[in-house]
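This report refers to the structure that appears directly beneath it.
Values reported hereafter were calculated over all heavy atoms of this structure, with side chains retained and with hydrogens, waters and symmetry mates removed. To find a chain, count down the sequence lines: A is the first, B the second, and so on, and within it residues start at 1.
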There are 2 protein chains.
Amino acid sequence: MSYTYEHPRPALTVDCVVFGLSDCSLNVLLIQRANPPFQGQWAIPGGFVDMDEALDDAARRELQEETGIKNLFIEQLYTFGSVDRDPRGRVVSVAYMALVRQADYRPQHADDAADADWFAVDSLPELGFDHQQILAMAHDRIRSKVQYQPIGFELLPRKFPLRDLQRLYEIILDREIDKRNFRKKMLNMDVLEELDEFEQNVSHRAARLYRFNRRKYQQRLKEGFHFEI
Amino acid sequence: MSYTYEHPRPALTVDCVVFGLSDCSLNVLLIQRANPPFQGQWAIPGGFVDMDEALDDAARRELQEETGIKNLFIEQLYTFGSVDRDPRGRVVSVAYMALVRQADYRPQHADDAADADWFAVDSLPELGFDHQQILAMAHDRIRSKVQYQPIGFELLPRKFPLRDLQRLYEIILDREIDKRNFRKKMLNMDVLEELDEFEQNVSHRAARLYRFNRRKYQQRLKEGFHFEI
DNA sequence: GCAAAAGTGTTTCGGGTACACCCATGT
DNA sequence: ACATGGGTGTACCCGAAACACTTTTGC
């Protein structure tokens with residue numbers, strides 16, 4: 001089967017920067033390329049956009065093929081279209097950023113990848129294509145966006161102690177935060193649900209668990225509320 | 001001439017939301033479509049991406065064809081790729097936003113447009129395609145970005161009185177701003193150059209002119225400075 | 001009882017906001 | 001002289017930041 005057009009068309013792909021969080025670092029999911037170009041090098045997962053799927057759907061599909069996870073948070077980042085960004089020819093790529101609960105699954109690599117693994121954002125391997133640049137932009141985006149939108153919760157389990165939320169911000173923003181001020185501000189925003197559950201299996205006093213209440217957040221937004229760290 | 005590919009490819013276009021400022025409104029440049037679909041309706045200027053030009057270059061080129069202006073401020077906005085957004089088939093469009101000094105030129109329409117004109121953003125005509133949505137996103141973007149990046153200057157003449165700068169913010173943000181506080185804040189940022197020139201041909205005391213000093217701004221950025229209205 | 005982390009208020013400081021009058025210029 | 005807009009300083013208030021001790025739990 002082949003397709004013919006009057007004018008030449010660039011190929012169109014989506015690439016997806018997947019962020020996860022571990023105890024002490026913000027991580028991204030990379031795949032090791034099984035085929036040329038950049039065979040053996042690490043890269044951001046991605047693939048071609050089908051004719052009958054929207055860009056967001058393509059990103060979600062690729063991500064599911066690479067990771068097995070559905071229903072996650074994704075957001076369009078930027079579209080990269082330098083003429084020479086892919087040695088195989090003109091390829092324009094719509095980059096997405098996704099946030100996942102890293103503990104929920106093991107990376108599984110698709111056929112076009114030799115391997116898939118997490119890397120801390122501050123110690124990345126060399127990347128193929130312009131993926132270094134895409135990743136840098138994604139990192140900037142998450143750093144700034146986490147401060148004024150409640151997207152951090154996408155990286156945590158549904159139920160979490162405040163300490164973990166604070167640690168999340170400390171890791172992403174790369175600065176220490178005062179515990180009392182943090183709790184005060186976070187709880188005052190009134191978008192967290194205080195649960196009657198506590199951490200398990202800790203060798204010290206167990207912390208209370210909280211849950212992000214999206215409904216309450218949406219409601220507060222309408223009242224002119226503004227999420228901010 | 002025709003081009004054949006193994007897999008089908010969406011067509012790729014750039015669309016450009018051009019903002020200008022007049023005495024009392026923020027405006028966008030629209031063209032009236034000369035051909036179907038949506039013939040006779042107003043739309044955002046745009047066109048196909050050539051194989052040997054980067055996306056930004058395509059946006060700049062289209063813009064120059066539509067308006068005759070080069071060297072203006074452009075910024076990528078978002079990529080729109082719903083399956084049915086164009087009745088002619090699958091067309092993915094990378095949307096840009098541009099800011100121009102509206103007084104500097106008259107709109108001139110290209111061959112594919114019957115007409116081109118400015119419309120105040122708060123009284124737009126009905127638009128073809130998903131251009132209403134693109135425009136709404138551009139409007140959101142300029143509104144939020146103008147508050148933390150010095151892009152407003154792109155809409156003003158090089159030399160301007162502070163009153164005009166304040167009016168710009170009042171128009172874009174749609175709220176009144178206190179004159180003394182505005183001047184204090186703006187001058188304290190130390191990115192404006194106080195000129196020894198004054199307005200001409202006004203029937204009252206002439207205001208001093210200022211100029212945005214980009215070099216000083218870049219330098220202050222490195223010192224950890226943060227532009228904000 | 002000791003190690004480890006949870007949980008909790010008050011004071012201080014700086015920046016944002018509110019606010020009104022005199023001055024320069026052209027007609 | 002008057003109409004029009006240019007230009008200027010101070011007081012208050014609120015939210016951000018700094019800061020240390022007691023409590024709970026497991027070992």
Would you mind telling me which of [options] lies closest to the side-chain atoms of [X]?
X        : options               : answer
B/Ala207 : C/dT10, C/dA18, D/dG6 : D/dG6
B/His204 : C/dA4, D/dA17, D/dT4  : D/dT4
B/Arg205 : C/dA6, C/dG26, D/dG5  : D/dG5

*Please check if the distance between the ring centroids of B/Phe129 and B/Phe38 is under 6.0 Å.*
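For B/Phe129 and B/Phe38, the ring centres are under 6.0 Å apart.
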Please report, rounded to the nearest Å, how far the [atom2] atom of [N] is from the [atom1] atom of [X].
X        : N      : atom1 : atom2 : answer
A/Leu187 : C/dA6  : CG    : P     : 14 Å
A/Phe182 : C/dG9  : CZ    : P     : 18 Å
A/Asn181 : D/dA20 : CG    : C1'   : 13 Å
A/Ile177 : D/dA18 : CD1   : C1'   : 15 Å
A/Phe198 : C/dA4  : CZ    : P     : 22 Å
A/Gln147 : D/dA16 : CD    : C1'   : 14 Å
B/Arg208 : C/dC23 : CZ    : C1'   : 15 Å
B/Asp164 : D/dG5  : CG    : C1'   : 12 Å

_Regarding B/Arg183, tell me which of base, sugar-phosphate or nothing describes its non-hydrogen contacts under 4.0 Å with the strands shown._
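Base: the residue B/Arg183, judged by heavy atoms under 4.0 Å, touches a nucleobase.
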*With a 3.5 Å cut-off and just heavy-atom distances, do the side chain of B/Lys185 and the base of C/dT17 make a donor-acceptor pair?*
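When only heavy-atom distances are counted, B/Lys185 does not reach the base of C/dT17 through any donor-acceptor pair under 3.5 Å.
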*Taking every non-hydrogen atom, the tightest pair across A/Ala113 and A/Ile31*: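 Heavy atoms only, the tightest pair is CB-CB, 3.8 Å.
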*asked:* If you assign each of B/Pro161 and B/Asp178 to its closest nucleotide in DNA chain D, which residue comes earlier from the 5' end?
replied: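 Looking at the nearest nucleotide for each, B/Pro161 comes out on the 5' side.
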_Does the plane of the ring in B/Phe19 sit parallel, tilted or perpendicular to the ring in B/His139? Use 30° and 60° as the thresholds._
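Answer is tilted, since the angle falls between 30° and 60°.
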*Under 4.0 Å between a side-chain N/O of B/Arg180 and OP1 or OP2 of C/dA18, yes or no?*
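No, B/Arg180 has no side-chain N/O under 4.0 Å of OP1/OP2 on C/dA18.
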*Under 4.0 Å between a side-chain N/O of B/Arg163 and OP1 or OP2 of D/dG6, yes or no?*
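So the side-chain polar atoms of B/Arg163 do come within 4.0 Å of the phosphate oxygens OP1 or OP2 of D/dG6, strictly under.
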_5' priority, DNA chain C, between B/Lys184 and A/Ser203 [closest heavy atom]_ =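 Looking at DNA chain C, the more 5' nearest nucleotide goes with A/Ser203.
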*asked:* Whether A/Arg220 and A/Glu223 form a salt bridge (side-chain N of Lys/Arg under 4.0 Å from carboxylate O of Asp/Glu) is what I want to check.
replied: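 Salt bridge between A/Glu223 and A/Arg220, a charged N being under 4.0 Å from a carboxylate O: yes.
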*So, are B/Glu170 and B/Arg175 salt-bridged, with charged N and O less than 4.0 Å apart?*
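A salt bridge is absent here (no side-chain N lies under 4.0 Å from a carboxylate O).
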